[in-house]
Protein chains: 4
Amino acid sequence: MTDSKGSTRVRAAGAKRQRLMSAAAEVVHRQGAERTTIADIARAADVPVGNVYYYFKTKDELVAAALSEHARRLGTLTGGLDALPDPRARLKGLVEAWVSQRELAARYGCPTGTLAAELDKRAEGGLDAEAGRVIRLLLDWAERQFRELGLPEPDGLALTLVGAYQGMSLLANALREPGVMDREGARLLAWLDSL
Amino acid sequence: MTDSKGSTRVRAAGAKRQRLMSAAAEVVHRQGAERTTIADIARAADVPVGNVYYYFKTKDELVAAALSEHARRLGTLTGGLDALPDPRARLKGLVEAWVSQRELAARYGCPTGTLAAELDKRAEGGLDAEAGRVIRLLLDWAERQFRELGLPEPDGLALTLVGAYQGMSLLANALREPGVMDREGARLLAWLDSL
Amino acid sequence: MTDSKGSTRVRAAGAKRQRLMSAAAEVVHRQGAERTTIADIARAADVPVGNVYYYFKTKDELVAAALSEHARRLGTLTGGLDALPDPRARLKGLVEAWVSQRELAARYGCPTGTLAAELDKRAEGGLDAEAGRVIRLLLDWAERQFRELGLPEPDGLALTLVGAYQGMSLLANALREPGVMDREGARLLAWLDSL
Amino acid sequence: MTDSKGSTRVRAAGAKRQRLMSAAAEVVHRQGAERTTIADIARAADVPVGNVYYYFKTKDELVAAALSEHARRLGTLTGGLDALPDPRARLKGLVEAWVSQRELAARYGCPTGTLAAELDKRAEGGLDAEAGRVIRLLLDWAERQFRELGLPEPDGLALTLVGAYQGMSLLANALREPGVMDREGARLLAWLDSL
DNA sequence: TATGAATGAGCATTCATTCAT
DNA sequence: GATGAATGAATGCTCATTCAT
């Protein structure tokens with residue numbers, strides 16, 4: 001019931017860190033990593049600029065944090081889908097989740113995909129590999145569903161599915177047409193049913 | 001055979017501008033628009049920094065030039081394919097061209113796609129729409145082929161084809177696996193044959 | 001006598017800002033706004049260049065600060081004169097103050113006047129109007145004195161007085177003759193007595 | 001009657017030079033010397049940038065040319081007034097000429113005065129002295145008229161007259177009020193009559 | 001002479017990162 | 001831990017001047 005100052009502080013500190021990660025995820029998705037300044041993120045998280053460095057030693061660490069925040073959100077999504085008994089239903093649920101984000105996708109693209117594309121242009125840091133790892137998480141989850149369905153080459157199917165998602169997000173974004181998400185989403189659902 | 005002084009100068013000037021466009025296309029593809037400095041492009045084109053501004057008034061104009069250079073190359077590619085009598089063969093030729101670029105795609109992604117993703121995060125300038133327009137060129141070309149084949153919803157098929165390309169490029173890039181291009185390329189060829 | 005850390009910091013920060021304003025006022029008066037670089041002001045204020053932007057977001061803001069510094073000094077001058085009981089004595093005190101600055105005027109002109117002339121050539125920014133406002137302060141003060149003397153058309157008299165000051169400063173400056181200030185100053189004193 | 005190519009060329013060259021001087025006078029008056037680029041003047045004179053340097057070796061020479069163009073125009077004005085039999089009428093004619101330029105003065109100030117103020121802030125070049133010389137021409141002319149009227153201290157009267165002109169131009173400009181020119185102009189006319 | 005093109009020094013501004021308290 | 005302030009390297013862009021023809 002009582003909170004020692006210490007634990008309050010720790011909790012507050014943890015909250016601050018989380019606030020920074022969340023803000024980083026949002027702002028970086030919207031503006032891209034390169035155009036996002038530490039000050040942007042600090043402002044969004046309502047944390048003084050000088051204080052950010054207590055939680056993240058470099059900007060790259062903050063970008064990595066944004067990435068892992070997106071991974072966490074992806075985990076929450078697939079974790080929820082795992083409750084469904086049918087693997088096919090899980091995959092279709094994933095596609096439906098994508099389509100439900102159509103507006104965001106048309107405006108800013110897939111958070112992980114666009115970040116991956118951006119980070120892959122960097123020579124230094126190793127952040128590029130990090131983005132690949134998050135995408136691999138998604139691929140692995142999809143592959144598990146396809147395998148559970150007993151389909152051949154579940155890894156190839158996962159590649160096709162996730163590739164289609166990245167492609168449709170990019171097109172919706174580049175053309176600024178959320179409708180692309182609906183159209184391609186419907187096609188993917190039909191495809192999943194046909195397997 | 002002989003060159004008047006005048007035409008030499010004009011040709012040289014044109015050559016320099018072309019050299020800058022080409023350099024911009026390459027460097028921007030490799031480093032991204034944001035991380036590319038005017039100096040980078042100037043160095044790659046072997047042009048003094050100050051002179052770049054004689055040809056392009058702003059960095060944005062140079063990025064636009066890079067984009068249109070990619071559009072030009074795309075035009076060259078599809079223009080060549082147009083010589084083929086069969087639309088299906090043209091589409092398959094396109095996919096094969098994509099696959100043949102697997103190494104570049106795995107390292108830097110699709111030039112137009114990654115640039116579109118980057119530019120779409122900008123509020124100012126009209127550069128974002130510009131990238132969309134280049135992608136639309138590709139979509140339109142593909143749609144024409146599908147229509148010539150007498151297939152229903154040629155625009156949707158084009159969306160699926162180009163989307164698959166963007167997706168596979170992004171995955172190959174994020175995972176640093178050129179093999180993705182081969183695998184998905186083969187699938188696309190089979191799909192085209194099945195239509 | 002003792003300074004808490006906080007107040008020291010605040011005072012130091014305020015002192016730095018003031019130092020920048022003061023340096024800007026001086027350097028801009030000497031070199032003109034256009035020929036003055038941020039580095040010039042930073043050097044004069046003994047502040048690292050990059051730090052200047054913590055206090056003033058643009059060069060224009062610094063020029064505006066220089067202007068308001070001059071307005072402040074003008075306010076100090078007229079404020080001191082307000083202590084005199086006789087309005088005529090106040091006006092003559094103003095003229096005497098001008099004459100006492102003869103060397104500075106002959107070298108660099110009236111700070112506000114020359115700045116106004118320079119800024120009025122700019123289309124952008126609202127800085128031109130700003131200079132006019134400072135001059136209006138002087139006009140208004142003079143008008144109040146003339147009105148208190150019960151003279152007709154006090155605004156016209158103020159215009160004549162301030163105009164004469166601007167004119168003599170400009171001539172003294174253009175001819176590099178401080179004597180112009182003495183000569184015209186004496187005439188103004190006689191004129192004030194004759195009213 | 002016949003024009004050899006040579007003389008045509010010379011005449012054309014002279015015309016070009018004059019066009020440049022005239023353009024320089026106008027543009028520098030409007031934008032100030034510092035904000036005026038060689039390209040601005042070249043454009044206004046319809047002369048290719050590279051060619052400007054054939055007529056004026058440096059930008060400073062062009063500014064000096066602008067100054068001497070203003071001196072020439074001043075000479076034309078006073079030369080015209082010299083035709084009047086009465087010196088007082090000449091002086092009043094000068095004031096009336098000033099007032100007739102009220103709009104220009106309110107917008108850009110006196111060409112010579114503002115240029116003098118700007119150039120006097122320069123250490124190098126000696127252009128500053130040049131501006132003083134043009135103003136001296138005006139002072140001398142006015143002094144001659146006052147002397148011819150048999151008035152004491154004609155040089156002081158000239159100083160007062162020209163100073164008033166500079167002052168009213170500056171105020172009209174700073175306040176953006178052409179009315180200042182009318183008001184002070186009327187006062188000067190009355191003053192001339194009272195002498 | 002005429003002219004488009006070339007050159008490089010200089011400047012305002014941004015921003016990640018560090019420091020002092 | 002918290003915070004405003006400090007720091008300096010980097011970058012886009014301008015422009016007077018020069019060059020090649």
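This is a predicted model, so every value here is computed, not measured.
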Is A/Arg122 salt-bridged to A/Asp60, cutoff N-O under 4.0 Å?
yes
When you measure from the side chain of A/Lys16, which nucleotide among F/dA2, E/dA2, E/dT17 comes out closest?
F/dA2
For D/Lys59 and F/dT14, is the shortest distance between a side-chain N/O and OP1 or OP2 below 4.0 Å?
no
Is any side-chain N or O of B/Lys57 closer than 4.0 Å to OP1 or OP2 of F/dG12?
no
Taken to the nearest whole Å, CZ/C/Arg17 to P/F/dG4 is 17 Å
Ion pair check, A/Arg35 and B/Glu124, cut-off under 4.0 Å:
yes
Side-chain contact, heavy-atom cut-off 4.5 Å: C/Thr37 with C/Gln31?
no
Whole-Å distance, A/Phe56 CZ to E/dT18 C1', equals 18 Å
Contact check, side chains of B/Val52 and B/Ile41, non-hydrogen atoms, under 4.5 Å
no
5'-most contact on DNA chain E: A/Thr58 or D/Asn51, nearest heavy atom basis?
D/Asn51
Under 3.5 Å, is there a donor on one side chain and an acceptor on the other for C/Thr36 and C/Lys59?
no
OP1 or OP2 of F/dG1 under 4.0 Å from side-chain N/O of A/Tyr54
yes
Compare all side-chain heavy atoms of D/Met21 with those of D/Tyr55 and state whether any distance is below 4.5 angstrom.
no
Write out the stems for DNA chain E, ordered by first number and formatted as range with range, counting runs of at least 3 consecutive Watson-Crick or G-U wobble pairs under 3.5 Å.
E:2-21 with F:2-21
Can you figure out which of E/dT13, F/dA16, E/dT3 approaches the side chain of D/Pro48 most closely?
E/dT3
I want to verify a distance call: between F/dA16, F/dG12, E/dA16, whose nearest atom is closest to the B/Thr37 side chain?
F/dG12
Distance, rounded to the nearest Å, where A/Asp60 contributes CG and E/dC15 contributes P:
16 Å
Hey, does the side chain of A/Tyr55 come within less than 4.0 Å of F/dA2's phosphate (OP1/OP2), counting only N and O?
yes
